[in-house]
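Input: a single structure, listed below in structure tokens.
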Amino acid sequence: MTAAYLDRLNPEQRQAVETLEGPLLVLAGAGTGKTRVLTTRFAHILMTGRAAPHQVLAVTFTNKAAREMRERVGAILGAPIEGLWLGTFHALAARMLRRHAELAGLKPDFTILDADDQLRLLKQVAEGAGLDTRRWPVAGLMGVIQRWKDRGLTPERVTPAEDSDFANHRARELYAAYQERLRALNAVDFGDLLLLVTEILRTETEVLARYHRLFRYILVDEYQDTNLVQYLWLRLLAQGHGNICCVGDDDQSIYSWRGAEIENILRFEQDFPGARIIRLEANYRSTRHILGAASGLIAHNAGRLGKTLRVGGSAPEGERVRILSLWDSEEEARAVGEAIEAAQRAGESLAGMAILVRAGFQTRSFEERLITLGIPYRVVGGAKFYERQEIRDAIAYFRATVQPADDLAFERIVNLPKRGLGEGAIREMQALARREGLPLMLAADRLCSEGGLRPKPRAALRELLEGFIRWREGLAREGHVVVASAILEESGYLEMWRQDRSPEAAGRVENLKELLRAMADYPTMQAFLEHVALVMENDEAAEGERVSLMTLHAAKGLEFDRVFLPGWEEGLFPHQRALEEGGLRGLEEERRLAYVGITRARRHCMISHAANRRIHGAWTSTVPSRFLEELPEEHVERAGSAAAARLAAPGLAPRFPLAARPPRPIEAAAWEVPARPPRQAALSVGQRVFHQKFGYGRITAVEDDKLDIAFEKAGPKRVLDRFVEPA
DNA sequence: AGGTTAGTAATTTTT
DNA sequence: TTACTAACCT
């Protein structure tokens, strides 16, 4: 008997679903049906009765992926399922940690701090320890601490030898002090969730044994992006039965700078003895040329498990990947804009197009261009709803209401809106709090009743404190939504923005209203706050007919009919800092990023580089990315106006030295961007021409580099001269 | 206490 | 160039 859901799989996918016992690594290339395998496997485990829903641990990196898996498994089973251990690494770790909080010196209702709180707290700690935070910015220290946490190192486990150069080897000491402060506040940061849980599983054999009895199967998504502590956590949980299935693609590992270790996936067979590896290589997304270009590029990487994508479905040959060489970033933006317009005129949907950039600042020139052309777009990524200032402020009010001991929250809003409580007043409160071992809010209360501070600030502070008491009482009586609304009104916070006449103020008021609406979906304030801490939903602007603009990192996992990859220049892509900090490894990661970019495209892919670009305000000449040379000739087609670039640039030193490690001189070849003559002088009205997409036609008008052409099949169109050739 | 100005640094950011 | 931070002035 074979179930219908198995029939929808190809042989390799099916094998990946049906190989249930023992460790399994599914190497899933881009577009090979990874999610389908993962969800079908999950459903298969349940359908065959090998485990109850709560006995499967399914881990993803993003909430989006978790949600998708939940929905799709539910769809296969025909009913939504409850009680699953399905979620992100962080959400699952938080769930475990709340059960065993006391083993980590915490109470079960601990607060989860976000990046902003973390930094403020660490800054306090560092300054308290007498660190000169100008010379040693705390952001750097936070990086050091997070990398330690990523590696499963508690302060005790950090050896003196591993204490970095930061602040004359004081990082370890500051890390310990920071952890102590967190514990005192009954708070953890994101890194702690996995660090502390793993530490518990390592040392408390009873607890570990409980989870061994609980979980019969473990499923892991995006395994190439796991860091060491996530790996340790998984390995501990998989001990014994060893039924762990990790899905991933070493060629898409692009988060090393966040602590991800590609070695985890490369080492899988050694880590999990008896492991099987199944490769998914049939790609159902892209055309042959796109796959060929991507494969040819990634073949330049040395550290790979190796797999070869092949066309899985009945995809047409398609067109070659187009490489455009342009004079400067403005021409690049224009070229992309025109290509979008042309595609749109040919009937393509804007929703199927994306511009994928290496760094956020690159979106600006494209946005400007798209605005000029009147093409709707959306920038994906950017400021997330719950990261916006006004939302974080409001949440600080809510947190301080629910959790009077939440010093960080209280401190954030105590003088917001301005209540005349300056640095001096806050310092006084902190001093008292520390002296008496009180939460900040209680210290403030004491200060008021004992007549501290000057009359005016004291009155303001007292009013705020009375507000908190009132709001806290109101929670039980009136419900959290009513109270939340009262908080924003009575505290004067909402009014502050209403009075604000800056252009974004109105939007902030709207956002706050939206926050109140969102709150109604949760039963209590606590439930809502837990959601906020862990599930920072990225409220994507409604889909719709828009071009997407985002970074390459943000594009992982997505696909588009038509993809634009601008800015392929040495220094920008591969990025200079990636090379400086990562050497050859850094270069390979950049190459993987390029691979991710190309494989996002279903049918059309245009890569471009500009010979001149404004960097930090100054015009700089650039060198084409080495990745351009690594694309196999038979899958690309080169064009563009950059002949001029070749003439102008060689005399100028490139702003970014070419060398990664080992240093590589600028080869003459780097400048040999095969380009067609920039302007095809031979084109004039009346001439018969050929266009790649529209076929043959006759020129009816010429305007700059745009031609009006009456095509024989496609009708009248306006196209760029570089897209046509004399017939 | 709070606004203003000078100096400095500039990738990527699933939670 | 811009955006953010820290000293500086009112």
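The basis for the numbers below is simple: all heavy atoms, side chains too, and nothing from hydrogens, waters or symmetry mates. Every chain is numbered from 1 and lettered A, B, ... according to where its sequence line falls, protein lines coming before strand lines. Predicted, not measured: the structure shown is a model, and the values here were computed from it.
- Distance CD/A:Q403 to CG/A:N186: 6.5 Å, rounded to 0.5 Å.
- Looking at A:Q118 and A:Q146, their side chains do bring a donor and an acceptor atom within 3.5 Å of each other.
- B:dT15 atom P lies 12 Å from atom CD of A:E222, rounded to whole Å.
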Task: Full working for side chain to side chain contact (heavy atoms under 4.5 Å, CB included) between A:D221 and A:K34 - done: CA-CA 9 Å; A:D221 192 13; A:K34 175 193 75 151; 3.1 Å; yes

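- Atom NZ in A:K456 sits roughly 12 Å away from atom P in B:dA1 (whole-Å rounding).
- Between A:R412 and A:D393 there is a salt bridge, since at least one side-chain N of the basic residue sits less than 4.0 Å from a carboxylate O of the acidic one.
- A:G424 comes within 4.0 angstrom of sugar-phosphate atoms only, judged by non-hydrogen atoms across all strands, and of no base.
- Ionic pairing of A:D109 and A:R98 is not present here: no N-O contact between side-chain nitrogen and carboxylate oxygen is shorter than 4.0 angstrom.
- In this structure, CD of A:E530 is placed 15 Å from P of B:dT15, rounded to the nearest angstrom.
- A:R369 has no carboxylate O lying under 4.0 Å from a charged side-chain N of A:E330, or vice versa, which leaves the two without a salt bridge.
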Strictly under 3.5 Å: I want the nitrogen or oxygen pairs between protein and nucleotides 10-12 of chain B, one per line.
unit_1	atom_1	unit_2	atom_2	d
B:dT11	O4'	A:H575	NE2	3.4
B:dT11	O2	A:R358	NH1	2.9
B:dT11	O2	A:R358	NH2	2.7
B:dT11	O4	A:E581	OE1	3.2
B:dT12	OP1	A:G360	N	2.5
B:dT12	O4'	A:R358	NH2	3.2
B:dT12	O2	A:W257	NE1	3.2
B:dT12	O2	A:R358	NH2	2.6

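- Remark: C1' of B:dT13 and CG of A:L552 are 14 Å apart, rounded to the nearest angstrom.
- Distances shown here put every side-chain N or O of A:N415 at or beyond 4.0 Å from the OP1 or OP2 atom of B:dA1.
- Of the two residues contacting DNA chain B, namely A:D225 and A:K418, the nearest-nucleotide position lying further toward the 5' end is that of A:K418.
- Whole-Å rounding puts the A:R258 CZ to B:dT13 P distance at 10 Å.
- Per the geometry, CG belonging to A:L461 stands 13 Å off P belonging to B:dA1, to the nearest Å.
- Contact check for A:W233 versus A:L201: side-chain heavy atoms found under the 4.5 Å cut-off.
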Task: Protein proximity profile, nucleotides 2-10 of chain C - base contact B, sugar-phosphate-only contact S, no contact -, cut-off 4.0 Å on heavy atoms - done: ----SS---

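- Rounded to a whole Å, the CG atom of A:N227 is 18 Å from the P atom of B:dT13.
- For the pair A:R95 CZ and B:dT15 P, the interatomic distance rounds to 18 Å; values are reported in whole Å.
- Contact check on A:R304 versus A:D249 returns no salt bridge, with no Lys/Arg side-chain nitrogen under 4.0 Å from an Asp/Glu carboxylate oxygen.
- Checked by atom type, the side-chain pair A:E411/A:Q430 shows a donor-acceptor distance below 3.5 Å.
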